[in-house]
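This report refers to the structure that appears directly beneath it.
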Amino acid sequence: MASKYKLDCEILDTTKIIDGIYKFKIKAPEIAKIAKAGQFLEIQVSSTGETFLRRPISIYNIDKEAVEFIFQVKGKGTEILSHKKVGDIINVLGPLGNGTFTVKEYKKVAIIGGGIGTYPLYELAKELQGKAETTMYMGFRNKGLVTLEKEFEEVTSRVVITTDDGSYKEKGFAINVLKEDCKTEKPDIIFACGPLPMLKAVQEFAKSENIPCEMSLEERMGCGIGACVGCNVRIVTENPDEVKYNYVCKDGPVFDSTKVII
Amino acid sequence: MRTEIDFCGIKMKNPVTVASGTFGYGRGHSEFIDLSKLGAIITKGTSLNPKTGNKPPRVCETDSGMMNCIGLENPGVDYFINEDLPWLKQFNTPIIVNCFGGVEGTIEAYVEICRVLNTLPIDGVEINLSCPNVKAGCLAFGTTYEGVKEITTACRKVLTNKPLIVKLTPNVTDITLPAKGAEDAGADGISLINTLTAMKIDIEKRKPILSINTGGLSGPAIKPVAVRMVYQASHAVKIPVMGLGGIMNGDDVIEFMLAGAKCISMGSANLVDPESSIKAIAGVEDYLRRHNIDDINSIIGAVEMN
Ligand SMILES: Cc1cc2nc3c(=O)[nH]c(=O)nc-3n(C[C@H](O)[C@H](O)[C@H](O)COP(=O)(O)OP(=O)(O)OC[C@H]3O[C@@H](n4cnc5c(N)ncnc54)[C@H](O)[C@@H]3O)c2cc1C
Ligand SMILES: Cc1cc2nc3c(=O)[nH]c(=O)nc-3n(C[C@H](O)[C@H](O)[C@H](O)COP(=O)(O)O)c2cc1C
Ligand code: FES
């Protein structure tokens, strides 16, 4: 059985979540059947040459014959994508990535996401339902950017929301609440996705507390299929002076936090 | 209808090969296409010892193309011999190994890798004298008649039983000079073009996007430059020319062949669409059918100048 597909996918549904952030549902039975939590898609946003490379976007949710993804408008490519309508066809490569989140039975799990980095964690949280007691820690800059609170509440045991400015729920960074909670009971594993400063803090904390941690990384991509070695991330080596790389699209996007230097 | 090409003694089913560095050693693309259908596979640039490339970011998009500054990262020839070559041999497609002189980038280092490649069950060797993204070597030899001739002569001496193809850089004033250097040193063929040195600046951060500031431009943006250079080079030398630079489809293949390329290579197109090489082959066949052409060889260099 093939493990990756290139498909023309019909857009089944588009939802504007908040300004500049959209959820798309596309028909992709082959991808939906085999996709794992943490994998991503490479989306051709224009077939007429307005953009050249595909855009990597994580899978948010797998739903029978369809997959959903959520994206923020950042530049030209995501802007073009945001104008697509139900019924339009987009060409998609997927499911991509060989490093995925480890879904199995745990006692207690902490999932931590920052901003748009919370979206790639939803499928994971969903798949952990019934397998673990999960707490979802979500950090946003302010109230206006808080998204998917209800969705995560439905699939996790507890949702903690923080805002940098305190305009909604707890003030501060999500990781600070996680750290506090760990004083009472440590989770078996931490799953993380979000901006680099957050990931660095999570990585450091997991290391200091000796908690296993898997995090999803981003890098600019050429191909998404391991051919161009464009998407490198430095990995830990025995000799700290030695520079060695892995590739986000091929070895990740999810990595064991003790193995990468970010 | 005949689509077979004999390029430097390498028998290809069709003129469409995949360019070095855009296809790895074929594994990623094998999930999408049948590698046996290609004219030839040109491997990622390979050196004697493993080589680490540049820091990220090392790819970015540009208008009608992309830039990269990978820096010739590769796992080394031993890894290729043990892991990738046996796997690649299952496909009924010629294998051309693209190589360079490693971190040292000296003539001796080029000779050493060629010496190893000469003993392998592969169909040809392409020496890269044209990477803009590494400090040592490569471009240093690639821009003059004398430089190309000197290094090609040295490689030729040890490459006694494989076709030798010299890959040239477009970062020169007169492409015919390095082309002649390769021919005079006994190369069996030349391939051009490699990427054009370029820069893209993030205006918000006031910094170049790529980690080493500059990178190699590829894709449709460079195609007209490549077509012109293929035309000039193929008229300056008698050895066959492999044309590349921005080829996306069958029409582009035909354009390069009319300009004088005996076969072509597709690079960045493989990143955008892993099936693009296979689609281009179909496009070529369609063109031949539409124009009642029996043998593809008849279009090579068939452009009529104004
Ligand atoms: C594995 C992975 C998963 C991702 N998942 C999501 C997701 O679920 N939701 C979401 O909103 N965004 C996600 N991103 C980020 C998303 O790919 C970029 O925001 C998007 O490519 C920007 O494209 P643009 O044309 O709008 O921006 P531009 O800045 O105009 O893009 C120019 C070029 O830079 C690349 N680029 C720019 N920013 C990034 C970035 N942060 N990461 C990678 N490439 C970038 C683009 O792909 C394009 O090639 C993910 C990135 C990766 C690598
Ligand atoms: C990501 C990337 C990596 C490349 N690596 C190599 C390489 O290792 N050796 C080489 O000779 N050329 C390399 N090239 C150059 C291509 O083989 C080709 O000459 C160039 O990209 C122009 O063709 P295109 O426009 O079809 O991509 C690389 C190009 C890209 C985009
Ligand atoms: S994007 Fe090409 S190897 Fe990862």
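Because the structure is a prediction, the values reported are computed rather than measured. Every heavy atom of this structure was used, including side-chain atoms; hydrogens, water molecules and symmetry mates were not. Reminder, nothing fancy here: chain letters follow the sequence lines and each chain counts from 1.
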Quiz prompt | Spacing of B:N68 atom CG and A:R220 atom CZ [to the nearest 0.5 Å] | solution = 13.5 Å

Quiz prompt | Contacting moiety of B:N74, where chain A heavy atoms sit under 4.5 Å | solution = neither

Quiz item: More than 12 non-hydrogen atoms from neighbouring residues, nucleotides or ligands closer than 6.0 Å to CG on B:D202, yes or no?
Solution: yes

Exercise. Please look at A:K76 and chain B and tell me whether the side chain, the backbone, both or neither of the residue comes under 4.5 angstrom of a heavy atom of that chain.
Key: side chain

Practice problem: Taking atom NZ of A:K4 as the centre, report whether more than 12 heavy atoms of other residues, nucleotides or ligands fall under 6.0 Å from it. | Solution: yes

Quiz prompt | Within 6.0 angstrom of A:D88 CG, more than 12 heavy atoms from elsewhere | solution = yes

Practice problem: Check the surroundings of atom NZ in A:K27: do more than 12 heavy atoms from other residues, nucleotides or ligands lie under 6.0 Å from it? | Solution: no

Quiz item: Who among B:S64, B:P274, B:G219 has the most heavy-atom pairs with chain A under 4.5 Å?
Solution: B:P274

Practice problem: Decide if atom NZ of A:K84 counts as having more than 12 heavy atoms of other residues, nucleotides or ligands within a radius under 6.0 Å. | Solution: yes

Quiz item: Is the count of non-hydrogen atoms from other residues, nucleotides or ligands lying under 6.0 Å from A:E204 atom CD greater than 12?
Solution: no

Practice problem: Go through the atoms of B:F23 and report whether side chain, backbone, both or neither lie under 4.5 Å from a heavy atom of chain A. | Solution: backbone

Quiz prompt | Intermediate values then yes/no, side-chain contact (heavy atoms from CB on, under 4.5 Å), B:D273 and A:Q44 | solution = CA-CA 9 Å; B:D273 178 357; A:Q44 188 166 41; 5.6 Å; no

Quiz item: Is there a side-chain contact between A:S3 and B:E31 (heavy atoms, below 4.5 Å)?
Solution: yes

Quiz item: Taking everything shown except A:F205 itself, do over 12 heavy atoms lie less than 6.0 Å from its CZ?
Solution: yes

Quiz item: Does NZ in B:K200 sit with more than 12 non-hydrogen atoms of other residues, nucleotides or ligands closer than 6.0 Å?
Solution: yes

Quiz item: Which pair of heavy atoms, one from B:K44 and one from A:V229, lies closest together, and at what distance?
Solution: CE-CG2, 4.4 Å

Quiz item: Heavy-atom distance under 4.5 Å to chain B: side chain of A:R54, backbone, both or neither?
Solution: side chain

Quiz prompt | Where B:E73 and A:Y245 come nearest, the two heavy atoms and their spacing | solution = OE1-CD1, 3.1 Å

Exercise. Considering non-hydrogen atoms only, spot the tightest contact between B:E61 and A:F52 and give its length.
Key: OE2-N, 2.8 Å

Quiz prompt | Interatomic distance, A:T51 atom OG1 to B:M66 atom CE [nearest 0.5 angstrom] | solution = 13.5 Å

Quiz item: Based on non-hydrogen pairs under 4.5 Å, which of A:V243, A:N232, A:L53 is most in contact with chain B?
Solution: A:N232

Exercise. Among the options B:P56, B:G28, B:G24, B:P50, pick out the one with the most heavy-atom pairs lying under 4.5 Å from chain A.
Key: B:P56

Quiz item: Does any non-hydrogen side-chain atom of B:H29 lie less than 4.5 Å from one of A:I225?
Solution: yes

Quiz prompt | Closest non-hydrogen atom pair, A:C228 against B:L271 | solution = CB-CD2, 3.8 Å

